[in-house]
Asker: 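This is the structure I want to talk about, given as structure tokens.
Quantities reported herein were computed from a predicted structural model and do not represent experimental measurements.
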Amino acid sequence: MLKTSLLGKDFNSAPSNLDDGSKSLLESRSGVASQNVYPAEEANGLSIMQTLIHLLKCNIGTGLLGLPLAMKNAGLLVGPISLLAIGILTVHCMVILLNCAHHLGQRLQKTFVNYGEAMMYSLETCPNAWLRTHSVWGRYTVSFLLITTQLGFCSVYFMFMADNLQQMVEEVHMTSSNCQPRKILVLTPILDIRFYMLTILPFLVLLVFIQNLRLLSIFSMLANITTLGSMALIFEYIIQEIPDPSSLPLMASWKTFLLFFGTAIFTFEGVGMVLPLKNQMKHPQQFSFVLYLGMSLIIILYICLGTLGYMKFGSNTQASITLNLPNCWLYQSVKLMYSIGIFFTYALQFHVPAEIIIPFVISQVSESWTLLIDLSVRTALVCLTCVSAILIPRLDLVISFVGSVSSSALALIIPPLLELVTFYAEDMSCATIAKDVMISILGLLGCVFGTYQALYELIQPINHSITNSTGVFA
């Protein structure tokens, strides 16, 4: 029997297809990592173009806007090369995840196996008795990482919206129709950045109360439109009058490179959604073509925006490229459009941890308390992301921290280990074993050292107004 809340939310069922208005989480970018996605019937499945669009959407978010600063942290030469390498490794890990899920599905005669289930089922058949006994913890680990990653995204969204709102509001008296480059000028913000976060909080609480997937898909469409328009205007500006890049360092210090690693991994948000996307296609056997094409376009977009943005703004590059845009009405509208897109995307990204946490919580109480507990948990989770943003109001460092801690685990560490556990008993080649071990070690090193460096930077005293606020530019 389905357990449905009074607001129209179905906790235990999932849409059978993506074209009937109830689009699950494929409309919510990486939010399609939901644990409840089932195969689409071929007649209603996604076409190649629809799948490609979903793949592109789930990898374009706030992390993309932080890539110019990431290039600054790595260097003009090392940055693009490293981003390309991380992109190739991430795509390879996506392919590994697809192969393991397909193999486990055939072995267990299951139509669809999601990320968490793949981890659990592989451990159930591994040679180690202890791992077999505790195989369910594989699923718990993936669910925990999904929750951590998505709530981390939501915290970043809080900071992104607050940063841009602060800059728009406090510069409104200086905004003109003349779009001239920003000049360095240290200013004291009129209101603390945390005030803007608290201003946004009640609106986001009301937004996440909306549990109707059809309505959320409308918000997703609005987010896509505003994001597309913003990206077009950003590229239109940064390709004009690029300064001579000869003064920019080709290689930065290893300490800032660790921050680059976290930001780069953060931007590749789509690892958890490749399985649901393939599952929803009319012809799943064509997904490999879509994956390679889509991720190639995404990597090219990342490298172009990051490199051109760093060349354009140099040492003055901000945590989000929108904070470097001229103080004129045209580019203030870019900040507004992208912030609106991020505002609506918040609800879609929030859907993932809500779908994992809320059904468990309400199962512990009587039915009469279901609605109250549902809304209370949603409010508490939104407040948690707000408090996190208030306690650590550093957009660049939080992006790097979330990327290093949880995104690296989902994207680089777990998939190779999953392949080892799944295929070890089937005569894997030594080269494949060595490759998987090296990728997991690389991801683990990036996780450990990237997390350390982000935390180290976070505890350092700030000698000026918060780096990613409007206080350093006018």
Side-chain angles (χ1 to χ4, degrees), residues 29 56-57 60-69 156-185 187 189-191 193 195-197 199-201 203-204 207 218-242 267 301-302 304-306 308-313 316-349 389 395-396 399 466 468-474:
R29 302 163 11 109
L56 294 175
K57 285 191 297 185
I60 297 177
T62 54
L64 174 65
L65 301 179
L67 284 176
L69 182 62
V156 169
Y157 291 172
F158 250 110
M159 281 175 276
F160 177 86
M161 289 185 288
D163 279 333
N164 286 275
L165 180 61
Q166 182 186 47
Q167 196 176 69
M168 287 186 291
V169 171
E170 300 193 2
E171 293 184 355
V172 67
H173 64 286
M174 297 185 292
T175 304
S176 67
S177 58
N178 186 17
C179 297
Q180 295 296 322
R182 288 180 175 271
K183 297 180 180 179
I184 301 176
L185 180 63
L187 296 176
I190 299 174
L191 293 172
I193 191 71
F195 171 81
Y196 293 94
M197 295 179 188
T199 302
I200 298 168
L201 175 62
F203 297 100
L204 285 175
L207 181 66
I218 297 175
F219 290 151
S220 174
M221 182 180 66
L222 292 174
N224 295 333
I225 293 172
T226 57
T227 300
L228 181 62
S230 300
M231 289 306 303
L233 288 173
I234 289 172
F235 267 104
E236 182 269 337
Y237 178 72
I238 64 176
I239 62 176
Q240 299 180 35
E241 301 178 1
I242 298 178
T267 57
L301 173 65
Y302 285 178
C304 288
L305 181 65
L308 292 174
Y310 178 38
M311 291 172 62
K312 177 72 174 181
F313 303 116
N316 297 324
T317 303
Q318 291 284 80
S320 169
I321 194 174
T322 56
L323 301 177
N324 282 108
L325 296 177
N327 183 25
C328 64
W329 293 113
L330 175 63
Y331 293 107
Q332 292 289 54
S333 70
V334 171
K335 300 167 195 171
L336 179 61
M337 285 192 297
Y338 216 103
S339 296
I340 290 173
I342 291 299
F343 177 81
F344 290 133
T345 304
Y346 183 101
L348 299 167
Q349 294 283 28
L395 180 61
D396 54 337
I399 286 177
I466 295 171
N468 57 313
S469 74
T470 61
V472 295
F473 271 95

Asker: Parallel under 30°, tilted from 30 to 60°, perpendicular over 60°: which one fits the rings of Phe313 and Tyr237?
Answerer: parallel
Asker: For residues Met337 and Gly229, report the shortest heavy-atom separation together with the two atoms involved.
Answerer: CE-C, 4.1 Å
Asker: So Lys312 and Leu308, do their side chains get closer than 4.5 Å, heavy atoms only?
Answerer: no
Asker: Looking only at heavy atoms, what is the nearest atom pair of Asn324 and Gln318, with distance?
Answerer: OD1-N, 2.8 Å
Asker: Please report the interatomic distance CD1(Ile200) to CD1(Ile342), rounded to the nearest 0.5 Å.
Answerer: 11.5 Å
Asker: At what distance, to the nearest 0.5 angstrom, does OG of Ser339 lie from CE of Met168?
Answerer: 4.5 Å
Asker: Could you state the interatomic distance from CH2 (Trp329) to CG (Leu336), rounded to the nearest 0.5 Å?
Answerer: 10.5 Å
Asker: Do Met161 and Leu204 come within less than 4.5 Å of each other through their side chains, counting heavy atoms only?
Answerer: yes
Asker: Return the NZ to OG distance between Lys335 and Ser230, rounded to the nearest 0.5 Å.
Answerer: 11.5 Å
Asker: Return yes when atom CD of Gln240 has more than 12 non-hydrogen atoms of other residues, nucleotides or ligands closer than 6.0 Å, and no otherwise.
Answerer: yes
Asker: Walk me through it: do Phe158 and Tyr346 pass the test side-chain contact (heavy atoms from CB on, under 4.5 Å)?
Answerer: CA-CA 9 Å; Phe158 250 110; Tyr346 183 101; 3.9 Å; yes
Asker: What pairs with Leu305 under side-chain contact (heavy atoms from CB on, under 4.5 Å), at least two apart in sequence or on another chain?
Answerer: Leu64, Met231, Ile234, Phe235, Ile238, Ile321
Asker: Report yes if the distance between the aromatic ring centroids of Phe160 and Tyr338 is under 6.0 Å, otherwise no.
Answerer: yes
Asker: What's the spacing between Thr227 OG1 and Ile340 CD1 if we round to 0.5 Å?
Answerer: 10.5 Å
Asker: Should Leu201 and Met197 be marked as a side-chain contact (heavy atoms from CB on, under 4.5 Å) after you check the CA-CA gap, both sets of side-chain angles, and the distance that decides it?
Answerer: CA-CA 6 Å; Leu201 175 62; Met197 295 179 188; over 6 Å; no
Asker: With the side chain counted from C-beta on, respond yes when Tyr310 and Leu69 share a heavy-atom pair under 4.5 Å apart, and no when they do not.
Answerer: no
Asker: Got a second to check how far Asn164's CG is from Leu325's CG, nearest 0.5 Å?
Answerer: 8.5 Å
Asker: I want to check something: taking the side chain as every heavy atom from C-beta on, are Phe203 and Phe343 in contact at a cut-off of under 4.5 Å?
Answerer: yes
Asker: Which heavy atom of Tyr302 sits nearest to which heavy atom of Thr267, and what is that distance?
Answerer: OH-O, 2.8 Å
Asker: What closest approach, in Å, do Leu233 and Tyr331 show between heavy atoms, and which atom pair accounts for it?
Answerer: O-CE2, 3.6 Å
